[in-house]
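Throughout, a chain's letter reflects where its sequence line sits, starting with A, and its residues are numbered from 1.
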Number of protein chains: 2
Amino acid sequence: MSMSDAIANLSRKEQVIRKAAELFKDKGYAAASMRDLAQLLGIEAASLYSHIKSKEEILRSLCFDMAAEFRKSLEEVEKQHVPASEKLRNGIIGHIQVMAKDLTASAVFMNEHRHLSEPYLRDFLLLRINYINRFKTIIEDGVRTGEFKNTIDKKLAVMTLFSSLNWMPMWYDPDSSIDPQALGDQLADMLVNGLKKA
Amino acid sequence: MSMSDAIANLSRKEQVIRKAAELFKDKGYAAASMRDLAQLLGIEAASLYSHIKSKEEILRSLCFDMAAEFRKSLEEVEKQHVPASEKLRNGIIGHIQVMAKDLTASAVFMNEHRHLSEPYLRDFLLLRINYINRFKTIIEDGVRTGEFKNTIDKKLAVMTLFSSLNWMPMWYDPDSSIDPQALGDQLADMLVNGLKKA
DNA sequence: CCTACCGATCGGTAGG
DNA sequence: CCTACCGATCGGTAGG
């Protein structure tokens, strides 16, 4: 196989994965059939398997690639020497920006990961709990320094934060007047400062 | 069929629906088979159909019963003559209390409604957009009276609110130290006032 | 509530 | 990338 064949294969594989992401988002992983996917690509179902090993391999690559992006973004934020409220703000903005780069894959990451088989599901959930706990640490730091209220339950705070972030791909219209940067800003403002006028 | 038979049937049908809710929540509607459900109930798959008409009928009853509960709760709140911030707070608490009464059905309502067929899906989405818009009206009232910031995008605000509320069944442990009333209080506080110390 | 069964569809393979 | 096909499983029905 020549280099250009390898590149062609890679790009075709990428096409398959991207179309699959759209399909999985729209119908859900379990209800999306490989025949549906093939039809979207204009080929026969059996032909998919010269590009990918299995249906689940596609789901795995979508979920774990997104997880890696989120992790990278948070690591950058953790390096910063800024107050906890600023760190939380930057973490939120980073998370939103990673999502905005691929809203379809983000929706699959959030809604369909439960269809991963073991041991992948376990690995995925470990990555997620680690990510959540690192946000929780930022919130706890903010409570310790007096920036954040000490009256709020930390688990509730971090899960509420996460819920807000993770549903964004379900309603955000990338063609709308509000761009991802402004979206991140406003989301961070609402969660940190609330709706009420200061 | 005697009256007591009717009552027995009704209660058995309820058992089927409740078990189905657990199964749909755990595996997702599409991945949950009627044979799985039958096994959980200790009967054969074909026997399910003496209690229910179809798999989707179960999903419909779960989704629309929850929708009716949410609607009822919001109507009570809308009658109140209180400031918008108070109304929003009470709307949040009401929503949480409806969910807390049946966390399993709430999770199905949120995650599996997309598997409804037409025309039920359309009806469901209309109910949901109506509910969301009524919350949006409360937020807009609050902006008009000066209780809420006028800098925030209203769609973002209401969708963030909804995301936070609707993911609660995914992480809330009803045996935890925080009870539904306190949960509603804290969630309302976080969304209205933010994490930051006043 | 059961046995026996239906047609449709599923993910995936063999072989080219 | 295709034709031809596999065993497994799906929601649901007939008849008792």
With sequence neighbours left out, write down each residue that passes side-chain contact (heavy atoms from CB on, under 4.5 Å) with B:E69, or none if nothing qualifies.
B:K72, B:V98, B:K101
Going by number, which of residues 17-40 of chain B have a non-hydrogen atom under 4.0 Å from DNA chain C?
none
For a quick test of your reading: what N or O donor-acceptor pairs under 3.5 Å do the side chains of residues 31-43 of chain A make, sequence neighbours left out?
{"unit_1": "A:S33", "atom_1": "OG", "unit_2": "A:R35", "atom_2": "N", "d": "3.3"}
{"unit_1": "A:S33", "atom_1": "OG", "unit_2": "A:D36", "atom_2": "N", "d": "3.0"}
{"unit_1": "A:S33", "atom_1": "OG", "unit_2": "A:D36", "atom_2": "OD1", "d": "3.4"}
{"unit_1": "A:S33", "atom_1": "OG", "unit_2": "A:D36", "atom_2": "OD2", "d": "3.3"}
{"unit_1": "A:D36", "atom_1": "OD2", "unit_2": "A:K27", "atom_2": "NZ", "d": "3.2"}
{"unit_1": "A:D36", "atom_1": "OD2", "unit_2": "A:S33", "atom_2": "N", "d": "3.1"}

Ring-face cation of A:K25 near A:F109 (centre distance under 6.0 Å, axis angle within 45°)
no
A:S117 meets the side-chain contact (heavy atoms from CB on, under 4.5 Å) criterion, sequence neighbours left out, with A:E56, A:Y120
Please identify each residue that fulfils side-chain hydrogen bond (donor to acceptor under 3.5 Å, both in side chains) with B:S164, with sequence neighbours left out.
A:S164
Among all residues two or more places apart in sequence or in another chain, which pass the side-chain hydrogen bond (donor to acceptor under 3.5 Å, both in side chains) test with B:E22?
none
Could you work out how much the helix from C:dC1-D:dG16 to C:dG16-D:dC1 bends, comparing the axis of its first five pairs with that of its last five, to 10°?
10°
Would you please name every residue forming a side-chain hydrogen bond (donor to acceptor under 3.5 Å, both in side chains) with A:D141, sequence neighbours left out?
A:R144
Residue met sooner reading DNA chain C from 5', once A:A46 and B:I43 are mapped to nucleotides
B:I43
List for me each residue that meets side-chain contact (heavy atoms from CB on, under 4.5 Å) alongside B:E76, sequence neighbours excluded, and say none if there are none.
B:K79
Report the residues that fulfil side-chain contact (heavy atoms from CB on, under 4.5 Å) with B:R18, sequence neighbours left out, ordered by chain and then residue number.
B:E14, B:D102
Hey, where on DNA chain C does chain A first and last touch, going 5' to 3'? Cut-off is any atom under 4.0 Å from a heavy atom.
C:dC10 to C:dT13
Quick test of your reading: applying side chain to side chain donor-acceptor pair (under 3.5 Å), list the pairs with at least one residue in residues 167-181 of chain A, sequence neighbours left out, ordered by first then second residue.
A:Q97-A:Q181
